[in-house]
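Below, read A as the first sequence line, B as the second, and so on, with proteins coming before strands; counting in each chain starts at 1. This is a predicted model, so every value here is computed, not measured.
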2 protein chains.
Amino acid sequence: MPWEKSFDEDLAVENAMQVFWKKGFDSASISDLIEGTGINRGSLYNAFGGKQSLFVKALLKYDADRQAMLARLEALDDPKKAISAFFDSIVANTVADEQHKGCFMFNTALDISAHDNEVRQIVTNGVSEIEAFLRRCIEVGQARGDIRSSMDAKATAKSLLAMIVAIRVLGRGVFAEAALQEIADQAKRLIE
Amino acid sequence: MPWEKSFDEDLAVENAMQVFWKKGFDSASISDLIEGTGINRGSLYNAFGGKQSLFVKALLKYDADRQAMLARLEALDDPKKAISAFFDSIVANTVADEQHKGCFMFNTALDISAHDNEVRQIVTNGVSEIEAFLRRCIEVGQARGDIRSSMDAKATAKSLLAMIVAIRVLGRGVFAEAALQEIADQAKRLIE
DNA sequence: TATAGTTTAGAATGATCGGTATAGACTATC
DNA sequence: GATAGTCTATACCGATCATTCTAAACTATA
């Protein structure tokens with residue numbers, strides 16, 4: 001019998017994710033993906049089927065990372081602090097990325113009409129989960145007396161989501177760190 | 001002597017704007033632009049120089065329209081109402097567009113790294129002007145006693161801008177009308 | 001060592017891209 | 001009607017795109 005598969009598919013998807021994240025679906029060429037993953041043309045098609053299919057795998061990986069991060073924040077068991085930490089990490093990540101890639105999911109959301117239903121569904125679901133996380137944080141915070149109970153949890157969660165979207169979009173090159181932090185601070189003040 | 005130029009350049013730019021707005025710079029092909037403007041290939045290159053140059057003209061036209069709209073709102077001479085009307089019109093425009101094109105300027109902002117300095121500058125300036133408009137509205141409203149003077153005008157203007165970005169981005173296919181209106185309502189409540 | 005399956009590099013394919021060039025139809029002036 | 005300049009249609013160019021294919025190099029088993 002011959003040997004086993006020799007390259008790490010997960011690592012390849014991770015690398016492909018970086019390429020798609022940086023360039024977007026259209027602008028990322030197969031050659032870019034070959035270079036980024038270090039995998040040969042033939043192997044790439046054999047392992048992943050094609051560009052579209054690889055993109056979905058990359059987006060799913062990004063989505064899994066997002067899910068893990070939200071779970072970590074929720075495990076803090078301190079809703080107000082979780083929201084605060086969430087915003088700080090978003091600003092920090094946005095600023096730290098010299099390539100100004102923004103958020104892969106929101107980038108895709110703005111380009112949503114160019115994608116099929118599978119992609120659309122992943123994005124819609126991801127955004128909904130962020131919103132639900134924020135709402136849960138607010139509601140638990142209210143139950144504990146950490147957050148004003150006069151506040152409309154559902155509507156405020158949407159506002160916070162809006163702030164996140166804005167930080168990610170404007171952080172791609174329009175706003176500098178100070179302005180992004182200002183938005184984040186305003187977001188935190190919303191739940192004071 | 002020969003005749004004068006026969007097609008309407010402004011109308012052509014308007015039509016090209018629609019094409020770029022819908023498809024984005026990369027995905028809009030010259031063939032799309034020929035079809036969209038109804039102008040022949042040769043004439044298009046002769047009149048506008050090329051794709052990049054036509055894109056800039058289209059973006060400038062969009063920017064001029066935006067400027068005119070803000071001026072109209074400011075002429076209401078009722079800052080609080082101006083902000084409110086601004087948000088209502090954004091939601092209305094977003095929902096009314098069956099093609100879910102979003103905002104041409106924000107679409108370009110998210111794609112900013114693919115563009116040159118001229119485009120970057122138009123977008124940055126446009127965003128700044130919206131922010132300045134919001135801030136002016138708040139400050140004038142405060143001076144008139146229509147808006148709480150305890151509010152930080154600069155920071156609140158950024159929050160409102162964030163809401164606008166979010167409505168425009170999420171309105172491209174992730175959120176439906178009710179959710180977008182909810183964000184707008186939250187924005188209005190911010191200045192209550 | 002022979003074999004089977006995976007790797008690699010790269011050629012080939014057909015389509016489309018932005019941009020240029022050409023040739024004829026058209027129209028206002030002379 | 002001749003002329004000059006702008007229009008249209010279309011052919012062409014080199015480049016790049018996603019994808020498929022070929023053929024040789026490699027490696028673990030038999």
Fill in: For atom CG of B:Leu44 and atom C1' of D:dT6, their distance in whole Å
15 Å

Worksheet item: What pairs with B:Asp97 under side chain to side chain donor-acceptor pair (under 3.5 Å), at least two apart in sequence or on another chain?
Response: B:Lys101

Worksheet, complete the sentence: Among C:dG18, D:dT19, C:dT7, the one nearest any side-chain atom of A:Lys51 is D:dT19

Worksheet entry | A:Arg172 side-chain N/O to B:Leu110 backbone N/O, donor-acceptor pair under 3.5 Å | yes

Below 3.5 Å is the cut-off: list the nitrogen or oxygen pairs between protein and nucleotides 20-24 of chain C, distance only.
from   : atom 1 : to      : atom 2 : distance (Å)
C:dT20 : O4     : B:Arg41 : NE     : 3.3

Worksheet item: Where is the tightest heavy-atom contact between B:Met151 and B:Ile138, given as atom of each residue plus distance?
Response: SD-CG2, 4.1 Å

Worksheet item: Can a salt bridge be assigned to the pair A:Glu131 and A:Lys154 using a cut-off of 4.0 Å between side-chain N and carboxylate O?
Response: no

Practice prompt. Test B:Lys188 against B:Asp88 for salt bridge (Lys or Arg N to Asp or Glu O under 4.0 Å), laying out the working first.
Written response: CA-CA 10 Å; B:Lys188 294 186 206 167; B:Asp88 286 340; 2.7 Å; yes

Discussion item. Show me the pairs that pass ring-ring contact (aromatic ring centres under 6.0 Å, His included) and involve residues 118-173 of chain A, at least two apart or across chains.
Written reply: A:Phe86-A:Phe133

Discussion item. Between C1' on D:dT22 and CG on A:Asn46, what's the gap in Å once rounded to a whole number?
Written reply: 15 Å

Practice prompt. Check the distance between C:dG18's P and B:Phe48's CZ and give it to me in whole angstrom.
Written response: 16 Å

Worksheet item: Considering residues at least two apart in sequence or located in another chain, which fulfil the salt bridge (Lys or Arg N to Asp or Glu O under 4.0 Å) criterion with A:Asp77?
Response: A:Arg144

Worksheet item: Among residues 12-33 of chain B, which residues get a heavy atom nearer than 4.0 Å to DNA chain C?
Response: B:Ala28, B:Ser29, B:Ile30

Fill in: Atom-pair distance (CD1 on B:Ile39; P on D:dC7), nearest Å
9 Å

Worksheet entry | Nucleotide C:dG18, atom C1' - distance to CZ of B:Phe55 in whole Å | 16 Å

Item to complete: Mind checking salt bridge (Lys or Arg N to Asp or Glu O under 4.0 Å) for A:Lys22 and listing every partner two or more places apart, or none if nothing turns up?
Response: none

Worksheet entry | Of B:Gly38 and A:Gln52, the one whose closest DNA chain D nucleotide lies more 5' | B:Gly38

